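Bear in mind that the values here come from a model prediction, so they are computed numbers and not experimental data.
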Amino acid sequence: MTLGAASLSACGSSDSGGDSGSGGSGGDETITMGFAQVGAESGWRTANTTSIQDTAEAEGIDLKFSDAQQKQENQIKAIRSYIQQKVDVIAFSPVVETGWDTVLQEAKRANIPVILTDRSVDSEDDSLYATFLGSDFVEEGEKAGQWLVDNASDMDVDGDGSVKVVQLEGTTGSAPAIDREEGFNSVIGSDDAIEVIASQTGDFTRDGGKKVMETFLSSEDGIDVVYAHNDDMGLGAIEAIKAEGLTPGEDIKIITVDAVKDGMTALANGEINFIVECNPLLGPQLMDLAKQVVAGEEVEKRVVTEETTFTQEQAKEALPDRQY
């Protein structure tokens, strides 16, 4: 079984970072990391990138950074560039789960360890990467589904005895989209009154969420609940709901994943009803893992980040100190 299936359930290149550093370093020498980011599709991703860049600078790690603009071919190109540059370690958040074995084999042959962050890959050969750092996306979906099941009696907005859900999916083929749907469906299946009547990708973007929600509002009757795979798509859905003269959070309930500041603000204002946290601040853990793998130390194959959930009152309490 692949790591993605077992435990998982969150670019044109331009380099930035330190101005020195070379491959093959170790001991007290500067570590050079090549990082291939998914893109800048959401507030979550922006916070994730900032955490990685700021921590690398603070830790004295020479970071070569690329933005894949949500295209796998750009990430593969960036990874091959890092191999050619003989960096000490490569880290990346895969755009999609499949299609990585060839380039990861190339990194392995070059003796460059790879760290997966935020998202995993679907590969039969887990020797192709040193470790995976990120959330349990299946569990996030389960948390969203459990809240809906627990509050189902309040979700039947039109009073017809059923809870009609529309789902705003993340990027097709990505680990969080696959796993957040799987976890959600596994829990809501316990309540026959809950039904997902439509599901479509909004590609994790606010504009995508708005456009898909506009389509749902024109094609589906009696929508009670929106389940969005991230805050940004949920915020886009709020715009579409308002444009229809409806009140988000009341006429249509909204559940999202991430807990970035904009989403938490909408939750505190009652426009979102429940948020499952997905922590983007992976920089400190990533740099610690990088130091360990470059030094040849053994690390856990799977490092899970700690996360919680938020209701309206909890969002109000957390917002003043929210870092992202």
Side-chain angles (χ1 to χ4, degrees), residues 1-10 97 120 122 134-170 172-202 204 209 212-213 216 219-231 233-234 237 241 248-259 263 267 270-279 302 304-315:
M1 181 179 290
T2 67
L3 179 62
S7 63
L8 289 189
S9 77
E97 285 190 334
S120 187
D122 186 355
S135 304
D136 185 330
F137 300 133
V138 168
E139 184 178 29
E140 290 172 354
E142 290 171 345
K143 289 175 180 176
Q146 191 60 55
W147 184 84
L148 180 55
V149 169
D150 292 344
N151 294 275
S153 60
D154 297 325
M155 299 296 107
D156 181 11
V157 179
D158 58 11
D160 65 357
S162 66
V163 179
K164 297 182 178 66
V165 182
V166 294
Q167 180 175 229
L168 299 175
E169 305 169 21
T172 302
S174 68
I178 293 168
D179 295 342
R180 286 170 186 164
E181 179 176 20
E182 176 189 328
F184 184 75
N185 288 344
S186 70
V187 174
I188 66 170
S190 65
D191 190 334
D192 293 338
I194 301 173
E195 177 188 7
V196 178
I197 59 172
S199 185
Q200 185 174 325
T201 180
F204 284 125
V212 173
M213 193 64 205
F216 288 159
S219 63
E220 305 295 334
D221 294 327
I223 298 171
D224 296 305
V225 178
V226 173
Y227 169 45
H229 288 182
N230 77 339
D231 288 347
M233 290 190 296
I241 291 167
E250 294 182 17
D251 295 325
I252 297 178
K253 310 293 186 179
I254 301 175
I255 303 167
T256 67
V257 181
D258 271 356
L267 176 59
E271 293 182 329
I272 291 176
N273 302 88
F274 186 70
I275 295 180
V276 177
E277 183 180 39
C278 183
N279 185 2
R302 176 72 170 98
V304 180
T305 53
E306 292 185 7
E307 295 158 343
T308 186
T309 60
F310 294 94
T311 61
Q312 182 178 15
E313 291 306 314
Q314 290 167 332

Between Ile241 and Asp251, is the side-chain contact (heavy atoms from CB on, under 4.5 Å) condition met? List the steps. CA-CA 9 Å; Ile241 291 167; Asp251 295 325; 5.7 Å; no
Among all residues two or more places apart in sequence or in another chain, which pass the side-chain hydrogen bond (donor to acceptor under 3.5 Å, both in side chains) test with Glu169? Ser199
Measuring from Ile275:CD1 to Phe310:CZ, what's the distance to the nearest 0.5 Å? 8.0 Å
What closest approach, in Å, do Ala237 and Val226 show between heavy atoms, and which atom pair accounts for it? CB-CG1, 4.4 Å
With sequence neighbours left out, write down each residue that passes side-chain hydrogen bond (donor to acceptor under 3.5 Å, both in side chains) with Thr308, or none if nothing qualifies. none
Taking all heavy atoms of Ser174 and all of Phe204, pick out the closest pair and write down the distance. OG-CE1, 3.6 Å
Within-4.5 Å side-chain heavy-atom neighbours: Thr201 and Val212: no
How long is the span from the CG atom in Leu148 to the CD1 atom in Ile188, to the nearest 0.5 Å? 6.5 Å
Listed partners of Glu313 passing salt bridge (charged side-chain N to carboxylate O under 4.0 Å, His left out), at least two apart: Lys316
Output all residues satisfying side-chain hydrogen bond (donor to acceptor under 3.5 Å, both in side chains) with Thr305, sequence neighbours left out; order by chain, then residue number. Ser135, Glu307
Within the 4.5 Å heavy-atom criterion, are Val166 and Met213 side-chain neighbours or not? yes
Rounded distance (nearest 0.5 Å) linking atom CD1 of Ile255 with atom CG of Asn151: 8.5 Å
Taking only residues two or more places apart in sequence, or in another chain, which ones meet Glu181 in a salt bridge (charged side-chain N to carboxylate O under 4.0 Å, His left out)? none
Do the side chain of Asn230 and the main chain of Met233 share a donor and acceptor less than 3.5 angstrom apart? yes
Just to verify, what does Lys143 make a side chain to side chain contact (heavy atoms under 4.5 Å, CB included) with, not counting sequence neighbours? Glu139, Val276, Thr309
Contact summary for Ala193 and Gly161, nearest pair of heavy atoms: CB-O, 3.8 Å
Indicate yes or no for a side-chain donor-acceptor contact from Asp231 to the backbone of Ala259 under 3.5 Å, with no hydrogens or angles considered. yes
Which residues satisfy the side chain to side chain contact (heavy atoms under 4.5 Å, CB included) test with Asn273, sequence neighbours excluded? Trp147, Lys253, Ile254
Less than 4.5 Å apart, any side-chain heavy atom of Lys164 and any of Asp224? yes
Can you name the nearest heavy-atom pair linking Val257 to Cys278, along with the distance? CG1-CB, 4.2 Å
Rounded to the nearest 0.5 Å, how far apart are CD of Glu250 and CD of Glu271? 9.5 Å
Can you name the salt bridge (charged side-chain N to carboxylate O under 4.0 Å, His left out) partners of Glu142, sequence neighbours left out? none
Euclidean distance, Arg180 CZ relative to Thr256 OG1, rounded to 0.5 Å: 9.5 Å
Taking every non-hydrogen atom, the tightest pair across Ala315 and Leu267: CB-CD2, 3.5 Å
So, for Phe216 and Ala198, which heavy atoms are closest and what is the spacing to 0.1 Å? CE2-CB, 3.6 Å
Hey, can you tell me if Tyr227 and Phe184 have their rings parallel, tilted or perpendicular (30° and 60° cut-offs)? parallel
Just jot down the side-chain hydrogen bond (donor to acceptor under 3.5 Å, both in side chains) partners of Gln146, sequence neighbours excluded, or say none. Asp150
Does any pair with a residue in residues 183-198 pass side-chain hydrogen bond (donor to acceptor under 3.5 Å, both in side chains), and if so which ones, sequence neighbours excluded? none
